[in-house]
Undergrad: 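Have a look at the structure that comes next, please.
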Amino acid sequence: MKKALFIINLLVMQLFIQSAIAEVDTTRQNELRYFVKHDCGSCHGMTLKGGLGPALLPERLSAMPKSFLVSTILEGRPNTAMPAWKSMLTVDEASWIAEQLQHGQLLYKSQHGFIQPSQLAETNKAMSKP
Amino acid sequence: MQRLPLPTPLLSLPQLFLLLALLSTNVNARGTGDLGIVIERATGSVQVIETSNNTTLGRIEGLGDLSHASAVYSRDGQYAYVFGREGGLTKIDILNKKLVKRIIQSGNSIGGAISQDGRLVAVSNYKPGGVKIFDADTLTLVADIPASYGNDGLLSKVIGLVDAPGQKFVFSLWDAGEIWIADLSNLKTDNTGGNTSKPRITKFKGIGKNPYDALITPDGRHYIVGLFGEDGMALLDLWNLDAGVKRILDGYGKGEKKLPVFKMPHLEGWAIAGNFAFMPAIGRHEVLVVNTLDWTEAGRIKVHGQPIFVMARPDGRHIWVNFAVPNNDTLQIIDTQSLKIIKTLTPGKGVLHMEFEPRGEEIWVSIRDEDRLAVFDTETFKQLITFDAKKPSGIFLTSRAHRIGL
């Protein structure tokens with residue numbers, strides 16, 4: 001039943017989304033970038049490489065229909081931890097986020113202290129069995 | 001015998017002793033009991049803070065992806081082990097403010113714990129799902145526990161990892177709905193360096209759908225895990241394992257519409273006050289009150305948003321609660337005698353975490369979106385001081401070193 005509703009939602013969404021061009025002003029775009037990094041990042045990782053939720057990298061998302069991503073953002077996914085964000089995001093905003101994610105435009109730019117290759121020497125040792 | 005004339009000494013004997021004493025004393029020597037760290041999630045750094053005068057002592061950098069990070073302490077309070085999102089495990093020296101050692105031990109991790117004897121550090125991983133256990137001194141791997149379940153060799157994401165008395169770690173499997181106990185007491189005496197003995201694992205299956213986080217009571221007896229997929233929690237009495245896992249607060253949200261959960265709540269041992277445990281209700285604007293004598297519901301308190309951290313002041317008199325987006329600019333304080341909200345604060349946007357000072361007279365709050373930390377007096381609720389910090393999240397004081405489950 002839940003799944004059926006979800007699919008109907010998906011179809012209805014598709015109608016909306018196909019007619020909508022994601023128009024979001026620049027101020028809001030900056031807010032959304034922050035939102036994706038920090039709030040989506042709680043579950044999907046700030047680098048979008050995944051956490052409790054799956055990775056949101058372009059190699060994975062570009063293969064999916066945009067309408068599916070938009071409806072996932074707005075309606076959530078039943079039986080998973082993905083909530084419906086429609087109380088906080090409009091269709092246009094979700095659509096903009098989906099496009100950005102598919103094109104890898106929201107990827108975390110590592111200008112700070114993320115691990116350097118030189119620090120990775122211990123990695124293999126730690127990954128191997130005792 | 002004729003004495004040779006001694007040259008006139010430059011220093012008298014007492015002066016010489018004083019000089020030697022000064023030379024041999026590290027002028028920087030200080031204790032660690034008032035120290036702590038604050039995670040700066042976007043820059044892979046931590047700030048070292050001290051709570052005697054409420055100052056910040058410096059920054060340690062190069063800790064990797066700290067978008068979801070937590071830390072535990074060595075018993076002497078000198079070292080913190082920081083668990084990063086990308087599988088990073090970093091040992092830092094907070095006295096000397098330097099990174100001691102850093103490894104990437106998995107592809108994706110969620111948290112960790114330190115053993116009762118302080119010699120083992122365990123990390124719970126999402127990818128590959130399981131727990132890895134390291135020597136606290138050297139960070140060399142001493143045990144690997146893949147969280148395999150079912151018959152297809154699937155690995156579950158692991159959450160709610162805590163230490164328990166008897167050199168044990170307890171954790172839960174998000175995908176499988178299981179609680180596992182790893183007993184490492186057989187590794188404890190193995191000083192041969194071989195570590196051929198394996199941890200003894202006890203599994204409890206069918207505990208409920210999607211356990212998301214857990215706590216162990218301050219006495220180390222009860223392990224309570226929150227269930228995302230169900231209205232209820234699972235309780236394991238570690239003193240009576242034969243009794244198995246018991247469901248508590250079953251159906252607490254019955255008949256009510258569940259709200260979308262914008263952030264997973266956290267459970268921590270600090271939510272126990274007197275005979276009451278205070279728990280975030282998942283998907284509701286409520287804090288649940290549980291009687292710890294029989295683990296039945298003793299009440300529920302309507303709050304401002306979806307609770308994330310529900311933390312008892314060390315004396316147990318007040319509970320401080322923060323919230324998920326879009327209500328994460330607010331803190332509410334509940335009185336544990338009347339079970340009423342006595343104060344609502346709005347420190348700023350993005351209140352991610354709070355940590356009480358060891359005896360609870362002040363509380364540190366991280367305000368992510370405003371890039372600052374604030375310290376509040378817990379009696380007057382007045383802000384005492386505020387500091388710059390880069391996207392601060394978790395705050396961890398060294399007093400955690402001496403508490404079971406933290």
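Note: hydrogens, waters and symmetry copies are ignored here, and every other heavy atom, side chains too, is used.
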Undergrad: Between A:Thr80 and chain B, with a heavy-atom cut-off of 4.5 Å, which part of the residue counts as in contact: side chain, backbone, both or neither?
TA: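 Looking at A:Thr80, just its backbone touches chain B.
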Undergrad: I'd like to know if the side chain of A:Asp39 and the backbone of B:Val325 have a donor-acceptor N/O pair within less than 3.5 Å.
TA: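 The answer is no, because no donor-acceptor pair under 3.5 Å joins these two groups.
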Undergrad: Which value, rounded to the nearest 0.5 Å, describes the distance between A:Lys37 atom NZ and B:Lys391 atom NZ?
TA: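 A:Lys37 atom NZ to B:Lys391 atom NZ measures 7.5 Å (nearest 0.5 Å).
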Undergrad: Output the option from B:Ile159, B:Asn328, B:Leu352, B:Asn108 having the highest count of non-hydrogen pairs under 4.5 Å with chain A.
TA: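 Of the options given, most contacts go to B:Asn108.
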Undergrad: Check B:Pro260 against A:Pro83 and note the closest heavy-atom contact, atom names and distance.
TA: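 Heavy atoms of B:Pro260 and A:Pro83 come nearest at CB-CB, 3.6 Å.
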Undergrad: Between B:Met264 and A:Leu52, is any pair of side-chain heavy atoms under 4.5 Å apart?
TA: yes
Undergrad: For B:Lys97, does the NZ atom have more than 12 heavy-atom neighbours from other residues, nucleotides or ligands under 6.0 Å away?
TA: yes
Undergrad: Take a 6.0 Å sphere around CG of B:Asp388 and say whether it holds more than 12 heavy atoms from other residues, nucleotides or ligands.
TA: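 No, because the 6.0 Å sphere around CG of B:Asp388 holds 12 heavy atoms or fewer from other groups.
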Undergrad: Among A:Cys40, A:Gly41, A:Ser42, A:Cys43, which residue forms the greatest number of heavy-atom pairs with chain B at distances under 4.5 Å?
TA: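 Heavy-atom pair counts peak at A:Ser42.
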Undergrad: Could you tell me which portion of B:Phe262 (side chain, backbone, both or neither) has an atom closer than 4.5 angstrom to a non-hydrogen atom of chain A?
TA: both
Undergrad: Among the options B:Ile110, B:Val261, B:Asp369, B:Asn210, pick out the one with the most heavy-atom pairs lying under 4.5 Å from chain A.
TA: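 It is B:Asp369.
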Undergrad: Take a 6.0 Å sphere around NZ of A:Lys49 and say whether it holds more than 12 heavy atoms from other residues, nucleotides or ligands.
TA: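 No, not enclosed.
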Undergrad: Using non-hydrogen atoms only, which part of A:Phe35 is less than 4.5 Å away from chain B: side chain, backbone, both, or neither?
TA: neither
Undergrad: What distance separates B:Arg85 CZ from A:His44 NE2, expressed to the nearest 0.5 Å?
TA: 10.5 Å
Undergrad: Should B:Arg368 and A:His38 count as side-chain neighbours, where that means a heavy-atom distance under 4.5 Å?
TA: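 Answer yes - side chains close enough.
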